[in-house]
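Reminder, nothing fancy here: chain letters follow the sequence lines and each chain counts from 1. None of the values given here were measured: they were computed from a predicted structure.
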Amino acid sequence: MSEPTAEFRHRVLELVRQIPPGRVMTYGQVARYAGFPGRARQVGFVLHSLLPASGEIPWQRVINAQGGISTYRVGVGELQRALLVHEGVEFNPSGRCDLERFGWRPEVDEGALGL
DNA sequence: ACGTTGACGTCAG
DNA sequence: TCTGACGCCAACG
């Protein structure tokens, strides 16, 4: 019934939509929590299909496993970074953020940063 | 039909 | 810490 691709896309978008402001998830995590482990690249492809108008999907809250921005080659790297900084996410001089602090896990549903 | 590409992740050096 | 190789799999030409 449900085509794998369509189902995957739907699951990914619904999950990303739930990431609270100021929090981030990695492509790999999104893929895993969506029920499709190992398909991080496909997550990026789905999000890429949202541009340039992202609508209600907070695509900027998805980054790579190193805590860095992967969208510079697509041309929206600076934008993504600015949006995240505006939400309170901090980046170190290397351009990476601490996933221990800003990473978000669905099961630990917490919107605010633990201070 | 097929080789290449890509908003990734992991591991070795 | 950084770089390159590889695995991954759907989209593209």
Taking atom [atom2] of [N] as reference, at what distance in whole Å does atom [atom1] of [X] sit?
X	N	atom1	atom2	value
Leu99(A)	dT10(B)	CG	P	11 Å
Phe36(A)	dC9(C)	CZ	C1'	13 Å
Phe8(A)	dC9(C)	CZ	C1'	10 Å
Arg9(A)	dA11(C)	CZ	P	10 Å
His48(A)	dA11(C)	NE2	C1'	11 Å
Arg39(A)	dG7(C)	CZ	C1'	14 Å

Could you give me the CA-CA distance, side-chain angles and deciding distance for Val30(A) and Leu47(A), then say whether side-chain contact (heavy atoms from CB on, under 4.5 Å) is met?
-> CA-CA 11 Å; Val30(A) 172; Leu47(A) 296 182; over 6 Å; no
For dA11(C), which nucleotide is its Watson-Crick or G-U wobble mate, given both distances must be under 3.5 Å?
-> dT4(B)
So which one's nearest nucleotide on DNA chain C is more toward 5', Arg41(A) or Phe45(A)?
-> Arg41(A)
Check this one for me: any side-chain N or O of [X] less than 4.0 Å away from OP1 or OP2 of [N]?
X	N	result
Arg96(A)	dC2(C)	yes
Arg73(A)	dA7(B)	yes
Thr5(A)	dA10(C)	no

Residue-level proximity of residues 24-34 of chain A to DNA chain B when a heavy atom falls under 4.0 Å | Thr26(A), Tyr27(A), Gly28(A)
Which nucleotide, dC9(C), dC8(B), dA7(B), lies nearest any side-chain atom of Ala40(A)?
->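 Selected nucleotide (nearest to the side chain): dC8(B).
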Considering non-hydrogen atoms only, spot the tightest contact between [X] and [Y] and give its length.
X	Y	answer
Thr26(A)	Val62(A)	C-CG1, 4.2 Å
Ser49(A)	Arg9(A)	OG-NH1, 2.8 Å
Glu14(A)	Gln18(A)	O-NE2, 3.1 Å
Leu15(A)	Pro106(A)	CD1-CG, 3.9 Å

Decide, yes or no, whether a salt bridge links Glu78(A) with Arg81(A) under the criterion of side-chain N to carboxylate O below 4.0 Å.
->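 Judged by the 4.0 Å cut-off on N to carboxylate O distance, Glu78(A) and Arg81(A) do not form a salt bridge.
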Considering heavy-atom distances to DNA chain B, does Val62(A) or Gln66(A) have its closest nucleotide positioned more toward the 5' end?
->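 The 5'-side residue here is Val62(A).
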Touch check for Thr71(A), heavy atoms < 4.0 angstrom, all strands: base, sugar-phosphate only, or nothing?
->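 The answer is base, as Thr71(A) lies within the cut-off (heavy atoms under 4.0 Å) of a base atom.
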Does the pair Glu90(A) and Phe102(A) meet the rule for a side-chain contact (heavy atoms from CB on, under 4.5 Å), with working shown?
-> CA-CA 8 Å; Glu90(A) 297 169 27; Phe102(A) 305 102; 3.9 Å; yes
